[in-house]
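Below is one structure; the comments refer to it alone.
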Amino acid sequence: MTARGRLRIHLGAAPGVGKTYAMLAEGQRLRAQGADVVVALAEAHGRRPTAAMAEGLETLPRRTLAHRGAEFTEMDLDAVLARRPQVALVDELAHTNVPGSRHAKRWQDVEELLDAGIDVLTTLNVQHLESLNDVVEQITGVRQRERLPDEVARRADQIELVDLPPEVLRRRMTHGDIYPPDRIEAALTHYFRVGNLTALRELALLWLADRVEEGLQRYRAEHGIVAPWETRERILVGLTGGQEGETLVRRAARITARTPGSELLALHVVPGDTFAAGDPAALAGQRSLVESLGGTYHQTTGDDVVDALLEFARAENVTQIVLGASRRGRLSLLLRAGVGRRTIQGSGPIDVHIVTHEEAAGSAAFRLPRPGRGIGAGRYRLALAGAAVVLPLLTWVLTASRDHLDLSSDLALYLLLVVVVALVGGLWPALAAAVAAGLLADYYFTLPSHSLDVARGDDILALAVFVTVAALVGTAAGTVARRTHQAARATAEAQALSRLATAMMRGADLPALAEQLRENFGLLAVSLLERDPDAGTQQHWFVVASAGERPPERPYDADLEVPVGESLTLAARGRGLSADDRRVLAACAAQLGVAHTHGRLTRQAAEHDTLAAAERTRASVLVMAVRDLRACLGAAAASLAGLRERAGDTSAPAEARLVAAAQASVGRAEQLVDDLDGLGRVHAGALDLYLRPVDIGEALTQALDDLGPGGHTIRLSLPEDLPDVIADAALLTRVLTALAADALRHSPADRSPALTADVTADRLAVHVSDGAGGSAGGRGDRAGILSLRLSGDLAEAMGGTLEPAVTPDAGFSVTLTLPTAAPGTAG
């Protein structure tokens with residue numbers, strides 16, 4: 001079995017960087033080393049250095065193919081296979097072959113050469129790669145028709161970048177080393193602008209870097225290399241689904257932003273022994289944040305979180321890991337090391353960053369319970385301090401009154417104190433006061449005295465009831481405080497949203513709304529950011545509205561981010577907000593997004609109304625102008641006809657020619673008026689269409705008959721059994737008549753216009769050419785332009801297209817493409 005040949009691609013960012021020259025130079029080098037090298041196809045494009053580099057290399061003759069009455073040359077694939085060299089040089093890998101070739105694309109010819117064991121050297125521009133086609137169109141405004149599947153390029157054994165700085169490439173263009181002199185100025189001001197060339201160069205470098213990275217990963221896998229190689233910084237942030245995730249992502253994004261060329265990855269590990277996968281809503285928000293910052297989100301499953309995390313990090317050649325500080329307490333950490341510590345122990349050369357956050361466990365061995373919602377920290381501390389002072393004082397008073405009070409009286413007074421503490425500080429201070437009061441009552445007022453032992457059963461019951469009642473009272477007080485807090489908060493939230501909605505209804509602008517939002521939440525600065533939709537894979541943001549000092553201009557510059565939609569986000573700097581505050585902030589941010597969208601729609605509606613009014617004015621003026629012109633032209637035509645009839649045969653030949661020329665001009669003017677009227681009707685939507693299957697042969701016959709004697713001079717080349725097309729019969733005849741008349745008017749005297757047709761898939765294409773020898777001829781006349789424009793609009797109204805083109809052999813040609821009717825459709 002023949003071994004497959006090797007493919008080597010010379011990749012360039014733009015035409016003229018020297019890809020063909022580099023390919024030929026490599027061919028000369030291999031030939032000097034004794035290899036059998038042939039030039040299967042190389043395009044010098046008139047560049048003398050390129051042509052000189054090909055001298056001495058065996059060049060195989062090309063194959064000549066006829067298409068649409070013209071001859072083209074292509075690589076002779078059979079000749080290359082018969083010659084069977086060691087190395088074949090094939091230029092322009094993404095080229096589309098002339099119809100009639102064995103393969104539609106040149107890269108398919110190259111695949112056949114590789115399968116035959118022939119090594120191939122070829123060239124490729126980055127704009128022809130399928131995955132970058134839309135990006136290149138956004139940059140240059142030019143859509144590339146010749147495209148190469150990325151997989152073909154990825155299979156190449158070697159890709160070599162042929163690079164030139166934009167300034168050098170433009171200098172080559174100026175010196176005439178790339179394009180002919182008549183195309184230099186247009187190229188420099190359009191495709192070959194410095195910005196375009198710089199962006200294309202970056203695309204080529206990044207695409208090639210990714211291919212090099214794929215090769216490196218493949219090499220590491222083949223050789224069993226697991227230790228990371230720091231060829232590129234890759235920062236991995238571990239997400240648990242907790243609220244700290246946003247803090248970790250922003251921290252990792254700042255690390256990534258400081259290192260050009262680095263990558264941001266986020267990983268959530270789902271433990272294999274549980275159904276828990278974190279908070280889905282939090283993970284969804286964090287995933288959106290990661291992707292908005294240009295990173296990628298991943299999820300994996302593992303019995304051990306640390307093992308799964310490190311396995312992923314090594315597989316992706318991660319260089320740094322960002323984790324949050326443990327939320328577990330010290331006692332739990334003593335029993336088992338946390339994820340962060342175990343990751344550090346097993347990370348090896350991978351750097352691990354432990355980031356603190358609000359959810360992290362404190363460093364103290366013991367912490368007092370947090371105050372419940374509705375109980376402020378001040379009241380919480382006041383209740384604890386009051387209990388600590390009043391309880392000893394009350395105990396001293398009760399001890400002094402031992403002879404006058406019994407245990408039940410003492411416990412009632414203690415209970416009163418606990419109720420007061422509960423009302424002030426809530427559940428936890430009340431429980432602390434109840435336990436302390438119970439111990440004091442046991443020590444001082446139950447037998448045996450000054451001991452925690454209790455001799456009588458009824459005293460035990462009394463103490464238990466006392467502690468229980470105190471706990472119930474504390475719980476009730478805490479519940480009331482929480483409900484009060486919730487009611488007050490709900491009122492505050494409603495007021496904040498209401499104020500913002502009221503300001504929107506009163507027409508406040510976005511900066512004023514942003515300032516109100518900033519004040520409501522006590523933030524330092526806020527910004528409403530919008531992602532640039534034309535940035536492609538890059539993440540570019542611009543500020544829609546902002547308030548405060550130094551508002552953030554990018555999401556990862558902020559302390560807090562609230563996504564508003566797919567392209568909008570609210571970024572803020574300032575204090576950390578609670579979960580409830582974030583929820584309300586998200587609602588306010590949504591209102592801000594609605595205000596932005598409403599403002600944009602209002603502006604668009606105003607612009608549309610202005611354009612509509614201008615269009616109505618233009619249409620009415622056009623209608624009146626057409627009517628007046630028709631009247632004037634009708635009078636002129638009648639006058640000329642009368643003048644010619646009166647002169648009869650007595651007028652001089654020169655006068656007769658003048659009258660005939662005037663009548664022809666009036667006829668042309670009448671056609672121009674008809675075209676203007678037709679354009680107006682099409683654009684006004686007043687055109688009645690009756691789309692049905694139409695016999696294209698009948699439409700062509702009617703169009704040629706309408707042209708009179710001139711129609712019979714048009715050369716027809718139509719295949720048999722033409723399918724019906726979906727069209728309006730009258731409009732189709734009008735379009736064909738207009739195109740044929742225009743071709744007749746501009747065709748040279750010694751060459752008749754040509755009309756051909758071909759069928760591809762579910763479309764039928766009719767080609768009309770004037771054979772004017774490679775120039776547009778008289779297409780600068782207004783009548784021709786309007787006729788062509790009207791024909792194009794009518795074709796689009798029928799679901800087709802009309803594409804003009806200038807070719808060296810056929811001259812100016814127009815291709816009308818229409819959908820074909822399904823077989824068996826009734827006419």
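All values below come from the heavy atoms of this structure, side chains included, with hydrogens, waters and symmetry mates left out.
- A side chain to side chain contact (heavy atoms under 4.5 Å, CB included) with Leu802 is found for exactly one of Leu788, Thr817, Thr815, namely Leu788.
- Side-chain contact between His95 and Glu43 is absent, with no heavy atoms from C-beta onward closer than 4.5 Å.
- For Glu92, there are no salt bridge (charged side-chain N to carboxylate O under 4.0 Å, His left out) partners at least two apart in sequence or on another chain.
- For the side-chain contact (heavy atoms from CB on, under 4.5 Å) test, residues two or more places apart in sequence or in another chain that qualify with Thr64 are Glu71, Thr73.
- No side-chain heavy atom of Lys19 sits less than 4.5 Å from a side-chain heavy atom of Leu124.
- Ser567 places no side-chain N or O within 3.5 Å of a backbone atom of Arg531 that could act as its donor or acceptor partner.
- Scanning both residues, Leu200 and Val126, for their nearest heavy atoms gives O-CG1, 3.9 Å.
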With side-chain contact (heavy atoms from CB on, under 4.5 Å) as the test, would you mind laying out the steps for Val152 and Val110 before giving the verdict? CA-CA 10 Å; Val152 176; Val110 169; over 6 Å; no

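- Remark: Thr59 pairs with Val39 by the side-chain contact (heavy atoms from CB on, under 4.5 Å) rule, at least two apart or across chains.
- Applying the side-chain contact (heavy atoms from CB on, under 4.5 Å) test to Thr701 and every residue at least two apart in sequence or in another chain returns Asp705.
- Under a 3.5 Å cut-off, the side chain of Gln108 and the backbone N or O of Ala104 do form a donor-acceptor pair.
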Candidate pair Asp742 and Asp770, rule side-chain contact (heavy atoms from CB on, under 4.5 Å), full reasoning: CA-CA 8 Å; Asp742 191 65; Asp770 60 16; over 6 Å; no

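- Considering only residues two or more places apart in sequence or on other chains, Arg147 meets the salt bridge (charged side-chain N to carboxylate O under 4.0 Å, His left out) condition with Glu130.
- Distance check: Met23 CE to Leu89 CG gives 4.5 Å after rounding to the nearest 0.5 Å.
- Distance CD1/Ile696 to CG/Leu732: 4.5 Å, rounded to 0.5 Å.
- With sequence neighbours excluded, the residues satisfying salt bridge (charged side-chain N to carboxylate O under 4.0 Å, His left out) with Asp157 are Arg6.
- Not a single salt bridge (charged side-chain N to carboxylate O under 4.0 Å, His left out) links Arg84 to another residue, sequence neighbours left out.
- Distance check: Ile726 CD1 to Leu818 CG gives 9.5 Å after rounding to the nearest 0.5 Å.
- With sequence neighbours excluded, the residues satisfying side chain to side chain donor-acceptor pair (under 3.5 Å) with Asp109 are Asn97.
- Side-chain atoms of Pro85 and Ile118, non-hydrogen and from C-beta on, do get closer than 4.5 Å to each other.
- With sequence neighbours excluded, the residues satisfying side-chain contact (heavy atoms from CB on, under 4.5 Å) with Thr756 are Ser717, His767.
- Pro753 has its side chain out of reach of Arg715: every pair of non-hydrogen atoms, C-beta onward, lies at least 4.5 Å apart.
- Not one N or O on the side chain of Asn125 forms a donor-acceptor pair closer than 3.5 Å with the backbone of Gln127.
- Val768 approaches Ala743 most closely through the heavy-atom pair CG1-CB, 3.8 Å.
- The shortest heavy-atom contact between Ala153 and Ile159 is O-CD1, 3.6 Å.
- Note that CG of Leu169 and OG1 of Thr198 are 10.5 Å apart. Values are rounded to the nearest 0.5 Å.
- When every heavy atom of Asp115 is checked against every heavy atom of Arg4, the shortest pair comes out as OD1-NH1, 2.5 Å.
- Thr96 is linked by a side chain to side chain donor-acceptor pair (under 3.5 Å) to Lys105, counting only residues two or more places apart in sequence or in another chain.
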Verdict with supporting geometry, Asp695 and Asp724, side-chain contact (heavy atoms from CB on, under 4.5 Å): CA-CA 5 Å; Asp695 187 336; Asp724 291 348; 4.0 Å; yes

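- A donor-acceptor pair under 3.5 Å links the side-chain atoms of Ser752 to the main chain of Thr713, judged by distance alone.
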Give the intermediate values and the outcome of side-chain contact (heavy atoms from CB on, under 4.5 Å) for residues Leu113 and Leu77. CA-CA 8 Å; Leu113 294 178; Leu77 179 59; 3.6 Å; yes

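- Contact record, Pro61 with Asp76: O-CB, 3.7 Å, taken as the closest heavy-atom pair.
- Residues Leu736 and Ala703 share a closest heavy-atom pair of CB-CB, 3.8 Å.
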Show me the donor-acceptor pairs, under 3.5 Å and distance only, between side chains in residues 9-18 and residues at least two apart or in other chains.
from  : atom 1 : to     : atom 2 : distance (Å)
His10 : ND1    : Thr122 : O      : 3.3

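- Looking at residues two or more places apart in sequence or on another chain, you find no side chain to side chain donor-acceptor pair (under 3.5 Å) involving Asp728.
- Tyr21 is not listed as a side-chain neighbour of Val162, based on a closest heavy-atom distance of 4.5 Å or more.
- Expressed to the nearest 0.5 Å, how far OG1 of Thr737 lies from CG of Leu739 amounts to 9.0 Å.
- Between Met798 and Leu691 the shortest side-chain heavy-atom distance falls below 4.5 Å.
- For the atom pair Leu60 CG and Met75 CE, the distance stands at 9.5 Å (nearest 0.5 Å).
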